[in-house]
Visitor: 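Below are the structure tokens for one structure; questions will follow.
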Amino acid sequence: MIPEITLNDGFQMPALGLGTFQVRGGQGVNQILAAIKDGYRSLDTATNYDNEGAVGEAIRRSGIPRAEFFVTSKLPGKYHRYADATMAIQESLYRMGLDYFDLFLIHWPLPKRDLYVQAWQAMVDARQRGLIRSIGVSNFEPEHLDRLFKETGVMPAVNQLEVHPYWIQARMLQEDTKRGIVTEAWSPLGRGSAALKEPVIVDLAKKYGKNVGQIILRWHGQRNVVPIPKASNLVHQRTNLDLFDFELTPAEIQAINALDKPDGRIEGQDPNEYEEFD
């Protein structure tokens with residue numbers, strides 16, 4: 001149902017995933033289970049989401065073999081030191097009840113702390129031990145990516161960024177592509193922003209017989225971005241999967257691109273300045 005893309009390490013990743021930010025507890029398990037039944041196999045969590053246990057429980061209850069899932073989690077800033085990162089990866093696996101991650105990301109670079117290379121080396125080593133298959137980053141700028149490669153010889157497979165119609169990240173998409181990195185989009189719909197009411201998107205939804213969310217998610221896919229929409233609503237989970245039977249024209253993609261705003265970030269989180277909560 002969901003196409004797959006090949007990463008620079010040879011592993012494949014579904015072209016659409018389920019975000020689980022703020023999806024927790026028993027209710028969260030049921031919501032994730034419903035998504036799995038609808039066809040989702042790529043599940044995106046993070047230590048900072050406080051729900052790795054719920055995601056792991058949903059995987060177990062689904063009855064579907066582990067090998068069919070693509071599970072992503074992320075390392076928080078307080079564990080960037082090498083020894084801390086090494087233990088944090090193991091603890092995340094224990095919380096989820098898994099033997100390995102398909103993808104593990106550094107959540108934020110936190111360049112003011114200047115420890116992200118240590119975290120990256122810990123992930124490289126964890127991959128060699130079979131705890132992680134693909135390693136990547138989130139919210140990294142070009143200079144951060146190049147430093148990782150310069151100091152470890154390993155380029156990230158994925159860079160997960162804030163991308164939506166008000167923050168289209170044209171520069172970063174180009175920078176990631178140049179380095180062979182797949183771009184994922186967090187908050188791909190703009191987290192309930194006014195983008196969902198933009199006339200250009202509403203008109204495209206009418207033209208194609210889709211909803212506005214489907215138009216935006218298709219826009220991501222045609223820009224070679226992997227969207228990870230969070231959807232606890234079961235109807236939204238289902239409709240977010242129904243993306244692959246139509247295509248936007250190049251002019252329509254450009255029309256959505258034109259919605260970009262200089263201050264379009266949802267919460268103004270500049271990766272060079274943002275200090276992740278411990």
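Treat the numbers as computed from the prediction; the structure is a model and nothing was measured.
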Visitor: To the closest 0.5 Å, what do you measure between CD (Glu4) and CZ (Phe70)?
Guide: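 Reported to 0.5 Å precision, the distance equals 9.0 Å.
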
Visitor: Within this structure, what is the NE2-CD1 distance for the pair His164 and Ile256, rounded to the nearest 0.5 Å?
Guide: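 Here the rounded value is 14.0 Å.
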
Visitor: Return yes if some donor-acceptor pair links the side-chain N/O of Arg81 with the main-chain N/O of Gln118 below 3.5 Å, else return no.
Guide: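 No, because the side chain of Arg81 does not come within donor-acceptor range (under 3.5 Å) of the backbone of Gln118.
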
Visitor: How close do Thr47 and Ser92 get, counting heavy atoms only, and between which atoms?
Guide: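 Answer, listing the atom of Thr47 first, then Ser92: OG1-OG, 3.2 Å.
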
Visitor: The test is side chain to side chain contact (heavy atoms under 4.5 Å, CB included); show your working for Leu248 and Trp219 and say whether it passes.
Guide: CA-CA 7 Å; Leu248 301 172; Trp219 166 76; 4.0 Å; yes

Visitor: Main chain of Asp242, side chain of Lys210: is a donor-acceptor contact present, judged purely on distance under 3.5 Å?
Guide: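 Yes, Lys210 side chain to Asp242 backbone: donor-acceptor pair under 3.5 Å.
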
Visitor: If you take all heavy atoms of Tyr166 and Asp260, which pair is closest and at what distance?
Guide: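 It is O-OD1, 3.3 Å.
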
Visitor: For the pair His144 and Phe140, name the ring-plane relationship: parallel under 30°, tilted 30 to 60°, perpendicular over 60°.
Guide: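 Perpendicular, since the angle between the ring planes exceeds 60°.
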
Visitor: Any idea which heavy atoms bring Trp120 and Pro156 closest together, and the distance?
Guide: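 Trp120 and Pro156 have their closest heavy atoms at CH2-CA, 3.6 Å.
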
Visitor: CD1/Ile5 to CG/Asn224 distance, rounded to the nearest 0.5 angstrom?
Guide: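 Going from the CD1 atom of Ile5 to the CG atom of Asn224 covers 8.0 Å.
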
Visitor: Show the nearest heavy-atom pair for residues Arg265 and Pro271, with the distance to one decimal.
Guide: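 Where Arg265 meets Pro271 most closely, the heavy atoms are NH2-CD, 3.4 Å.
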
Visitor: Does some side-chain heavy atom of Ile59 sit less than 4.5 Å from a side-chain heavy atom of Leu43?
Guide: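 A side-chain contact exists here, since the closest heavy-atom pair is under 4.5 Å.
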
Visitor: Could you go step by step and tell me if Gln31 and Gln237 meet the side chain to side chain contact (heavy atoms under 4.5 Å, CB included) rule?
Guide: CA-CA 9 Å; Gln31 291 166 348; Gln237 287 179 354; 4.3 Å; yes

Visitor: Assess whether atom CG of Asp99 is packed by more than 12 heavy atoms of other residues, nucleotides or ligands within 6.0 Å.
Guide: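 Atom CG in Asp99 is not crowded, with 12 or fewer foreign heavy atoms closer than 6.0 Å.
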
Visitor: Treat each ILVMFWY residue as a node, draw an edge where side-chain heavy atoms are under 4.5 Å apart, and state whether Phe101 and Leu18 are in one component.
Guide: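 Yes, Phe101 connects to Leu18 through the hydrophobic network.
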
Visitor: Are side-chain heavy atoms of Met172 and Glu141 found at a separation under 4.5 Å?
Guide: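 They are in contact (side-chain heavy atoms under 4.5 Å apart), so the answer is yes.
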
Visitor: Check whether any side-chain heavy atom of Arg179 sits under 4.5 Å from a side-chain heavy atom of Asp146, and report yes or no.
Guide: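 Answer yes - side chains close enough.
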
Visitor: Might you confirm whether atom CD of Gln269 has over 12 heavy atoms from other residues, nucleotides or ligands at distances under 6.0 Å?
Guide: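 Above 12, so yes.
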
Visitor: The test is side-chain hydrogen bond (donor to acceptor under 3.5 Å, both in side chains); show your working for Asn159 and Thr183 and say whether it passes.
Guide: CA-CA 5 Å; Asn159 190 9; Thr183 303; over 6 Å; no

Visitor: Working to the nearest 0.5 angstrom, can you tell me the gap between Leu241 CG and Leu243 CG?
Guide: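 Atom-to-atom, Leu241:CG and Leu243:CG are 7.0 Å apart.
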
Visitor: Search all heavy atoms of Glu175 against all heavy atoms of Pro142 and return the closest pair with its distance.
Guide: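 Between these two residues, the closest heavy atoms are CG-CG, 3.6 Å.
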
Visitor: How about Phe244: does its CZ atom have over 12 heavy atoms from other parts shown lying under 6.0 Å from it?
Guide: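 For Phe244, atom CZ is crowded (more than 12 foreign heavy atoms under 6.0 Å).
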
Visitor: Mind checking the CZ-CG spacing from Arg238 to Asp38? Nearest 0.5 Å is all I need.
Guide: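 Going from the CZ atom of Arg238 to the CG atom of Asp38 covers 4.0 Å.
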
Visitor: Looking at side-chain heavy atoms only, is the closest gap between Ile181 and Met155 below 4.5 Å?
Guide: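 Yes; the side chains approach each other to less than 4.5 Å.
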
Visitor: Sub-3.5 Å donor-acceptor pair from the side chain of Arg41 to the main-chain atoms of Gly17, do we have one?
Guide: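 Not a single qualifying donor-acceptor pair exists.
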
Visitor: Between the side chains of Arg147 and Glu151, is the shortest nitrogen-to-carboxylate-oxygen separation below 4.0 Å, so that they form an ion pair?
Guide: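 So Glu151 pairs with Arg147 through a salt bridge.
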
Visitor: Establish whether Leu33 and Tyr40 are linked, either directly or via other cluster members, by ILVMFWY side-chain heavy-atom contacts under 4.5 Å.
Guide: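 No, no single cluster joins them.
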
Visitor: Verify side chain to side chain contact (heavy atoms under 4.5 Å, CB included) between Leu75 and Leu105, making sure each step is shown before the conclusion.
Guide: CA-CA 6 Å; Leu75 181 77; Leu105 310 175; over 6 Å; no

Visitor: Any salt bridge between Asp50 and Arg95, counting N to O under 4.0 Å?
Guide: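 Arg95 and Asp50: not salt-bridged.
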
Visitor: Quick one: which of Leu204, Val202, Leu217, Asp203 gives a side chain to side chain contact (heavy atoms under 4.5 Å, CB included) with Val212?
Guide: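 When Leu204, Val202, Leu217, Asp203 are each tested with Val212, the side chain to side chain contact (heavy atoms under 4.5 Å, CB included) holds only for Val202.
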
Visitor: Side chains of residues 124-135: which donor-acceptor pairs under 3.5 Å do they make with residues two or more places apart or in other chains?
Guide:
from: Asp125; atom 1: OD1; to: Gln121; atom 2: NE2; distance (Å): 3.1
from: Asp125; atom 1: OD2; to: Tyr82; atom 2: OH; distance (Å): 2.6
from: Ser134; atom 1: OG; to: Asp9; atom 2: OD2; distance (Å): 2.6

Visitor: Please examine the side chains of Pro165 and Ile216, heavy atoms only from C-beta on, and report whether any two atoms are closer than 4.5 Å.
Guide: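 Answer yes - side chains close enough.
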
Visitor: Is the side chain of Ser138 donor-acceptor paired with the backbone N or O of Gln160 at a distance under 3.5 Å, no angle test?
Guide: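 A pair under 3.5 Å: yes.
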
Visitor: Check whether Asn139 reaches the backbone of Trp108 with its side chain - one donor and one acceptor, N or O, closer than 3.5 Å.
Guide: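 Pair absent, no side-chain N/O of Asn139 close to backbone of Trp108.
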
Visitor: Testing the basics here: between Lys112 and Glu273, what is the closest heavy-atom pair and its distance to 0.1 Å?
Guide: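 Smallest interatomic distance, heavy atoms only, reads NZ-OE1, 2.9 Å.
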
Visitor: Check each of Leu103, Leu93, Asp102 against Val71 using the side chain to side chain contact (heavy atoms under 4.5 Å, CB included) test, and report the only one that passes.
Guide: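 With Val71 as partner, side chain to side chain contact (heavy atoms under 4.5 Å, CB included) holds for just one option, Asp102.
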
Visitor: Any chance the side chains of Glu252 and Tyr208 put a donor and an acceptor closer than 3.5 Å?
Guide: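 There is such a pair between these side chains.
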
Visitor: For the pair Asp44 and Lys74, find out whether any cationic side-chain nitrogen is under 4.0 Å from an anionic carboxylate oxygen.
Guide: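 Yes, this pair counts.
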
Visitor: State whether a side-chain donor-acceptor pair under 3.5 Å links Trp167 with Asp263.
Guide: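 There is no such pair (donor and acceptor under 3.5 Å, judged by atom type) between the side chains of Trp167 and Asp263.
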
Visitor: If you count the non-hydrogen atoms of other residues, nucleotides and ligands that lie under 6.0 Å from OH in Tyr79, is the total more than 12?
Guide: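 Open: at most 12 neighbouring heavy atoms sit under 6.0 Å from OH of Tyr79.
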
Visitor: Find out whether Val163 and His220 are in side-chain contact, i.e. whether some heavy atom of one side chain is under 4.5 Å from a heavy atom of the other.
Guide: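 Val163 reaches His220 side chain to side chain.
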
Visitor: Do Met1 and Met13 belong together in a cluster built from hydrophobic side chains that touch within less than 4.5 Å?
Guide: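 No, Met1 and Met13 fall in different hydrophobic clusters.
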
Visitor: Under the side-chain contact (heavy atoms from CB on, under 4.5 Å) test, which residues partner His236, sequence neighbours left out?
Guide: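 Once residues adjacent in sequence are excluded, the partners of His236 under the side-chain contact (heavy atoms from CB on, under 4.5 Å) criterion are Ala231, Asn233.
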
Visitor: Report the C-alpha separation of Val137 and Val158 in whole Å, then their side-chain angles, then the decisive distance to 0.1 Å, and conclude whether the side chain to side chain contact (heavy atoms under 4.5 Å, CB included) test is met.
Guide: CA-CA 6 Å; Val137 294; Val158 170; over 6 Å; no

Visitor: Leu7 and Val225: same hydrophobic cluster, using ILVMFWY side-chain contacts below 4.5 Å?
Guide: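 Looking at the clustering, Val225 is in a separate group from Leu7.
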
Visitor: More than 12 heavy atoms of other residues, nucleotides or ligands under 6.0 Å from CD of Gln174: is that the case?
Guide: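 No.
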
Visitor: Is any side-chain heavy atom of Glu198 closer than 4.5 Å to one of Leu259?
Guide: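 Leu259 vs Glu198: side chains touch.
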
Visitor: What about Leu115 and Ile89, same hydrophobic cluster or not, with Ile/Leu/Val/Met/Phe/Trp/Tyr joined at side-chain heavy-atom distances under 4.5 Å?
Guide: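 Different clusters.
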
Visitor: When rounded to the nearest 0.5 angstrom, what is the spacing between CD in Gln169 and CG in Leu161?
Guide: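 The CG atom of Leu161 is 5.0 Å from CD of Gln169, to the nearest 0.5 Å.
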
Visitor: Are Glu52 and Arg24 within salt-bridge range, i.e. N to O under 4.0 Å?
Guide: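 Looking at Glu52 and Arg24, the cut-off is not met.
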
Visitor: Using the ring of Tyr100 (Phe, Tyr or Trp, six-membered ring only), decide whether Arg66 places NZ or CZ under 6.0 Å from its centre and within 45 degrees of its axis.
Guide: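 Yes, a cation-pi geometry holds between Arg66 and Tyr100.
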
Visitor: Would a 4.5 Å heavy-atom cut-off, applied to side chains only, mark Gln214 and Thr239 as touching?
Guide: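 Side-chain contact under 4.5 Å: yes.
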
